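Being a predicted model, the structure only gives us computed values, none of them experimental. We count ligands from 1, going down the list as the structure has it; atoms in each ligand are counted the same way.
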Amino acid sequence: MWAMRQAGRWDPSFRALRAGMSFYEFSENVEAAVQASLCPKRFGVDAIILFYDITTLPIAMGLPFELKSGAGPVPYPPIRTHADLNALVAEPHPDRYAHIRQLLRRVKDELRGELPVLVFAGAPFTVATYCIGTGKDVAATRQFAAAHPALWSELLEKLSVATVGFLRTLIADGADAYQLFDSWAGMLNASEYHNWAYSYHQRIFAEATGIPRILFVKEGPYLDAMCRSGADVISLGRRHDLAAARRDYPHLSFQGNVDEEILRTGTTEQVREAVIACLRAGGGYRHILNLNHGVDKDTPVANFATYVQAAHQFGVAERLR
Ligand code: 1CP
């Protein structure tokens with residue numbers, strides 16, 4: 001059991017650490033990022049996800065970003081021309097993301113094997129939306145792809161090469177598992193999903209191997225394509241039936257699918273009930289308890305603590321039965 005954005009703005013310890021630093025200044029400061037990565041350990045999570053962002057890789061490729069409040073990561077300049085694209089390095093030397101490699105080493109040293117360490121990358125489609133400055137505005141992304149078809153497909157290609165290199169480096173450095181985030185691909189139609197998301201998932205999972213690989217598509221409607229992507233673990237959203245997915249795909253593990261909205265707006269009792277229902281549907285194995293999306297910034301700390309405690313209590317109660 002762990003959560004996306006487990007080191008996020010909802011956690012007062014994270015906010016205290018981050019105070020006074022811009023997001024990228026903070027995440028490129030290895031010691032600050034070690035502390036942020038370890039913040040959720042005090043709640044009793046079963047894995048630590050490193051603190052950086054899906055835009056860390058395009059920054060290493062040569063595209064600077066700034067985190068704008070309310071708007072998310074914004075590129076300078078957004079990719080518009082072949083000259084902009086040519087300025088990006090498809091295979092950045094690992095020294096260009098040395099801070100992430102150091103972060104992994106430092107977090108592993110601190111944990112001494114007590115908990116596994118997850119790394120991640122954005123999938124080409126979702127990262128490309130940030131590189132062109134459209135983010136989750138899928139209509140604007142479609143418009144860009146229609147206006148610049150060659151540029152769009154070359155950008156996806158270049159990002160997929162960079163993603164494989166980045167993940168392979170972190171695997172060789174000792175990461176225990178990785179998650180590929182294609183957050184906004186769930187809004188695509190079936191043929192867009194096939195061309196812009198699925199084909200790159202297949203390539204990345206085929207080429208960056210050796211540790212368990214998790215695929216996340218926010219509320220992904222194409223469960224069968226997700227299950228054929230080559231990932232070992234599929235993240236489910238609120239639209240999915242966890243028990244049915246486990247039955248239909250017996251060779252895969254599933255992650256999910258407590259609704260983050262319950263953590264944001266529910267009582268601790270409602271959180272506990274949702275966790276227990278999810279663990280029952282998860283059947284006790286081939287299941288990572290998780291949320292359908294990240295922990296929202298307005299989530300009460302007590303609800304995150306309850307999410308973790310309820311899972312442990314349920315686990316202990318089941319073992320005693
Ligand atoms: O300090 C802050 O302002 C906090 C917000 C924040 C955080 C905690 C951003 C800006 N990035 C991060 C770190 C981060 N991002 C992690 C670290 C590990 C963890 O604690 O989970 C991870 C895994 C991500 C991944 C990420 N970044 C995704 C994929 C997951 C998802 O949310 O679907 C996406 C889409 C991003 C882009 C991004 N970075 C930050 C924000 C606010 C956004 C989203 C903007 C938007 O909604 O368009």
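Look at D173 and R101 and you find a salt bridge, because one of the NZ, NE, NH1 or NH2 atoms lies within 4.0 Å of a carboxylate O, short of that distance. Salt bridge annotation for D11-R42: present, with a cationic side-chain nitrogen under 4.0 angstrom from a carboxylate oxygen. The existence of a salt bridge linking D109 and R105 is excluded, since no basic side-chain nitrogen approaches an acidic carboxylate oxygen closer than 4.0 Å. For E318 and R280, the salt-bridge test fails: no basic side-chain N is under 4.0 Å from an acidic carboxylate O. Checked for salt-bridge contact, R106 and E110 meet the test: a charged N lies under 4.0 Å from a carboxylate O.
Of the protein's non-hydrogen atoms, L67 CD1, 3.6 Å is the one closest to atom 10 (C) of ligand 1. Atom 22 (C) of ligand 1 has as its closest protein heavy atom F120 CZ, 3.5 Å. Annotation: atom 47 (O) of ligand 1 to nearest protein heavy atom, K136 NZ, 2.6 Å. Protein heavy atom at the shortest distance from atom 29 (C) of ligand 1 is S183 OG, 3.2 Å. The closest protein non-hydrogen atom to atom 31 (C) of ligand 1 is H293 NE2, 3.2 Å. In terms of protein heavy-atom proximity, atom 5 (C) of ligand 1 is nearest to R9 NE, 3.8 Å. Remark: minimum distance from atom 8 (C) of ligand 1 to any protein heavy atom is reached at A7 O, 3.4 Å. Among all protein heavy atoms, the one lying closest to atom 35 (C) of ligand 1 is Y130 OH, 3.5 Å.
When heavy-atom distances to ligand 1 are checked against a 4.0 Å cut-off, P73 comes that close only through its side chain, counted from C-beta outward. Under 4.0 Å from ligand 1, heavy atoms of R5 appear from its side chain as well as its backbone.
In the hydrophobic clustering of ILVMFWY residues, with side-chain heavy atoms under 4.5 Å counting as a link, V138 and I54 come out together.
For ligand 1, the atoms lying closer than 4.0 Å to a non-hydrogen atom of I49 are 18 (C), 19 (C), 21 (O), 23 (C). Short contacts between ligand 1 and F23, defined as distances under 4.0 Å to a heavy atom of the residue, involve ligand atoms 1 (O), 2 (C), 6 (C), 7 (C), 9 (C), 11 (N), 12 (C), 13 (C). For ligand 1, the atoms lying closer than 4.0 Å to a non-hydrogen atom of F181 are 23 (C), 29 (C), 30 (C). Near L50, the atoms of ligand 1 lying under 4.0 angstrom from a non-hydrogen atom of the residue are 17 (C), 18 (C). Each of the atoms 19 (C), 20 (O), 21 (O) of ligand 1 lies under 4.0 Å from some heavy atom of Q6. In summary, the atoms of ligand 1 found under 4.0 Å from a heavy atom of F51, numbered by their order in the structure, are 8 (C), 13 (C). For ligand 1, the atoms sitting less than 4.0 Å from at least one non-hydrogen atom of M4 are 21 (O), numbered in the order shown with element in parentheses. Taking a cut-off of under 4.0 Å to the non-hydrogen atoms of F14, the atoms of ligand 1 that pass are 1 (O).
For atom 11 (N) of ligand 1, the nearest non-hydrogen atom from the set V217, T134, D53 comes from D53. Atom 17 (C) of ligand 1 has its nearest heavy-atom neighbour, among W2, Y52, F26, in Y52. In this comparison of K297, R18, Q179, the heavy atom closest to atom 2 (C) of ligand 1 sits on R18.
Judged by distance alone, the side chains of Y249 and D224 do bring a donor and an acceptor atom under 3.5 Å apart. Looking at T169 and Y97, their side chains do bring a donor and an acceptor atom within 3.5 Å of each other.
Between W10 and F43, the angle of the ring planes lies from 30° to 60°, which puts this pair in the tilted group.
A heavy-atom separation below 4.0 Å is not found between G294 and ligand 1.
A side chain to side chain donor-acceptor pair (under 3.5 Å) with S235 is found for exactly one of Q179, K218, Q255, H293, namely Q255.
At distances below 3.5 Å, not a single donor-acceptor pair connects side-chain atoms of R246 with backbone N or O atoms of F254.
Checked against the 6.0 Å centroid threshold, F14 and F26 count as a close aromatic pair.
Here the closest heavy-atom approach between residue G186 and residue V217 is recorded as N-CG1, 3.4 Å.
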